[in-house]
Amino acid sequence: MAGIDINTYKEVDGNGTDYLSLIGWLGVFAAAGVGAAFYMETQGHVVTGMSNQIVWGVPHVFAVFLIIAASGALNVASMSSVFGKNIYKPLGRLSAIMALSLLAGGLMVLVLDLGRPDRIDVAMLEQNFKSIFAWNIYLYSGFFVVVIVYLWMMMERRFNKYSKIAGTFAFIWRISLTTGTGSIFGFLMARPGYDAAIMAPLFIAMSFALGLAIKILFITSTYRVTERALGDKLLFQMRNLLGIFIAAALYFTVVQHLTNLYAAEHMGVERFILLDGGIYTMAFWLGQIVLGSLVPMVLLFHPAINRSCQSINAASMLVILGGLVQVYIIIVGGQAYPLEMFPGFEVSSTFFDGSVHSYTPSLPEIVLGLGGVATALLIMALAVKFLPILPLSLSDAAVGPANITTKEDE
Amino acid sequence: MRMLRSILSIAVMASALMLAAGNVSAAEDTNALGSNLGPNPAKAFKGEQCVEPVDVMRREHMNMLKHQRDETLREGIRGNKYSLTECVECHATKSPEIAGGNIRTVKPFCAECHKFAAVKIDCFECHTGTATGTRMRNLLKPKESGKNEHSENAITVGMLENFLDNKAEGKK
Amino acid sequence: MTKTTPTALADEKIDTERRRLLAAGGAVAVATGIILYGAGAGARPKGQPASSAQRWGMLIDTNADPSDWDTAISACKREQGWGGGNNPATDPQWIRKVSIKNKSTGAQATFPVMCQHCANPPCVDVCPTGASIKRADGIVLVDKHICIGCRYCMMACPYSARSFVHEPVHNQKPHMPRGMGTVESCTMCVHRVDAGLLPACVNALNKKGSKAIIFGDLNNPDSEISRAVSAHVTRRIREDLGVEPGVHYKGI
């Protein structure tokens, strides 16, 4: 295999106006996110679209999206360290950095949307170990430590020999983390839209797809602007993998809904999502299924178009869009459908019992969510400038032989 | 050599800070004598003697309150002596700047020292700092001897309350 | 149970009970026209913690006069200091009137729903900081000192019993601290119960001569509520979830 040693990684120059304005814009968005959160905290959540019925809104959508993408982003590193797919080895460092920054962005949104973000120390000091949320605090903070150690093992030549064990540990940790995130919803027995063990594997499958889609976009754009070589071999390898991940996420979605459809008690919520839920039904079929799953699979698998970088990028963008829509349907759609307090009865009250709850995202919420995305990208952009993260070349010769060969690769 | 010098300068700065801190506490002690140097909290609206001596209160009030809040809220222990409501009852004062002097509030009393020490308190984000009179408080006070008088107690106290309510509503 | 005890008989039993208690309550009670039941609701002596020997609960008669529920709700607002906002979607509601209609038979009922004070409360399980608590005597509360406002308890509650404080709060009652950014719900008037008083809603109903809500100790077989729930089949909302609510409903 081609020599992957310390000298093949190099910081990007990052002195041009393009880079500086990118950093500037990301900084503006991140600061706007913090500003939006400050506005929400001083005025109260009354300025958001959230209510006593839809208690988690767009900030949670972005936070959960970023957190599951974070764990997925680490996957490419695990592919080489844990599963011996050497073709991904050059991307190990980048995977770890992306995982760290996406998680940081997601946690920022999650924390800033709290009713009392000033009490974040309380969340650290007082813990109820029966709560999946409390476990997640450990899973998230532990993830930072585990991934930083893994990154160190990968970057310090003397410790390279430990990268397999650190990578294995990180892989187990990230599976636990995504299980924890999915279980936030899976453990809610009262909500007909949640309360299912499948939430955990569904989130894991989604994380694979989202993390890889973000990585593909990051690599193709960075390598284009830095004029470094990116060979088809690695790109196509990632393309095939992305297609499989989309199929896996789709598979779990199908099983989730089929299982619910079989249980008469869940008919209501299934009708709502699949048939007559208005915006949620449209988002499901058009956003999640067609644009987020089927179109990208065609783009990635159809032999007439799947050799172009544009197709792969478009598919990645659609996967990200579809992922956001899917998280939106899970979080907001799951709350919009009323609690079944009296099954078989029509229910009404001043507290909107029994009726579908309305939710319109407000500007501060969206700005906060985008602020988290900007923060994640800002950390990535700074990391590739100040640390030797990105390989000088990802040309076919540089990445070495693929362990999985496909027709196009030959 | 440079290292040594920087350690030295840190030590000098630290001792200067400690001296300054000493001055502050000295200033605090002279408050009772009317010094203008430190915070000068108002005298209690009622009573001459707090639940503990003044110096203990100044040092420990936050721990007392925090300890008791957990006992009261989480365990349901009522009637212990470090009660925030009681702080408000005695230390709330009227000021022409607040609601035209029509209400008694404890906030200026707390703010006097807390501003000086730059310690933000969270109590009155939720608790009222306004003294509201004694009727309800007395009703809700635990009785000294509660054994086997529960039902009678409830009836007597509840009756008193209803009587007062009716009176307030203009019925007889 | 109901099979062997016809409803009429049971009602008569309760009436007898009412007379007995009235007599025990003394002349003043009769004179002022106040009906008050202290049975089981004793003031806990100073310095003693709540005990699991008691299990506070309520029995709500869904066949009561619907105006009773307005009485109960306004008493709660007055006592705890909530209500009066202009944003129905975000204003807290500690107790609300819920109307249900059987889709196939058309039968209807209206009754109040508030925190059901579950024995296995999902809100307590999910709370990351331990701010959601169940007291030894079964009352479920939010410790607002350590509530971070994550709203996970609201996601977990099967009864939509909790509200998030979306706006700044002023003029709180001394016994009921409330603050923006934290979650709140019915406290079963814990401050009154600890002092041996009835919850405000029950008290207000009793004052107008209604027995629509009975409050008391479910662990004490002699309490009025225990006798009532053993005389009639009562239901608790979503009993199938196994959360064991402390609030019983009669007539649904």
Side-chain angles (χ1 to χ4, degrees), chain B residues 65-66 69-81 83-86 88-89 92 103 122-134 136-163 165-167 169 171-172, chain C residues 21 24-26 28-29 32-34 36-51 79 81 130 133 135-137 139 141-147 165 168-182 184 190-198 203-204 206-207:
Chain B
L65 285 169
K66 191 171 179 210
R69 88 176 192 202
D70 290 340
E71 281 183 351
T72 304
L73 199 149
R74 304 180 80 90
E75 292 170 47
I77 298 172
R78 299 278 179 179
N80 283 356
K81 71 181 187 185
S83 147
L84 183 66
T85 328
E86 297 300 320
V88 173
E89 231 9 85
I103 58 160
D122 205 13
C123 307
F124 303 109
E125 299 285 310
C126 293
H127 287 271
T128 180
T130 308
T132 47
T134 52
M136 200 59 197
R137 273 185 329 114
N138 284 340
L139 283 173
L140 297 176
K141 261 192 191 150
K143 314 302 166 278
E144 287 295 342
S145 63
K147 18 174 189 167
N148 296 333
E149 292 172 358
H150 294 185
S151 40
E152 280 168 48
N153 235 341
I155 287 174
T156 332
V157 176
M159 299 241 319
L160 171 64
E161 187 195 356
N162 284 314
F163 175 69
D165 274 356
N166 288 342
K167 217 164 91 176
E169 285 163 25
K171 302 175 202 155
K172 62 168 182 167
Chain C
L21 271 166
V28 204
T32 47
I34 298 157
L36 244 179
Y37 295 89
R44 205 171 38 254
K46 198 168 165 173
Q48 268 189 25
S51 144
E79 177 75 21
I133 55 161
R135 255 175 36 150
D137 54 6
I139 296 181
L141 297 171
V142 180
D143 184 347
K144 289 161 195 167
H145 301 116
I146 59 170
C147 172
V165 184
V169 186
H170 304 288
N171 298 325
Q172 295 90 334
K173 305 283 176 186
H175 53 264
M176 188 40 61
R178 304 176 56 228
M180 181 168 78
T182 58
E184 58 184 20
V190 67
H191 59 289
R192 295 174 57 94
V193 171
D194 282 350
L197 304 173
L198 291 168
N203 187 43
N206 286 354
K207 265 161 74 175

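Numbered from 1 within each chain, the chains take letters A, B, ... in sequence-line order. These values consider heavy atoms only, across backbone and side chains, with no hydrogens, waters or symmetry-generated copies. Only a predicted model underlies this, so the values are computations on that prediction, with no experimental measurement involved.
When each of B:Arg74, B:His127, B:Glu75 is scored by its heavy-atom pairs under 4.5 Å with chain C, the top score falls to B:Arg74.
With a 4.5 angstrom heavy-atom cutoff, C:Val190 touches chain B via backbone and side-chain atoms both. Proximity to chain B is limited to the side chain of C:Ile146, based on heavy atoms less than 4.5 angstrom apart. Residue B:Asp70 touches chain C through its side chain alone, counting heavy-atom pairs closer than 4.5 Å.
Here the closest heavy-atom approach between residue C:Pro174 and residue B:Thr85 is recorded as CB-CG2, 4.0 Å.
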**Item:** side chain to side chain contact (heavy atoms under 4.5 Å, CB included) evaluation trace for B:Thr130 with C:His170
**Value:** CA-CA 10 Å; B:Thr130 308; C:His170 304 288; over 6 Å; no
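Counting non-hydrogen atoms of other residues, nucleotides and ligands closer than 6.0 Å to NZ of B:Lys81 gives a total above 12.
Here the NZ atom belonging to B:Lys66 is positioned 10.0 Å from the NE2 atom belonging to C:His145, to the nearest 0.5 angstrom. Put simply, CD1 on B:Ile77 and NZ on C:Lys46 are 13.0 Å apart, with the number rounded to the nearest 0.5 Å.
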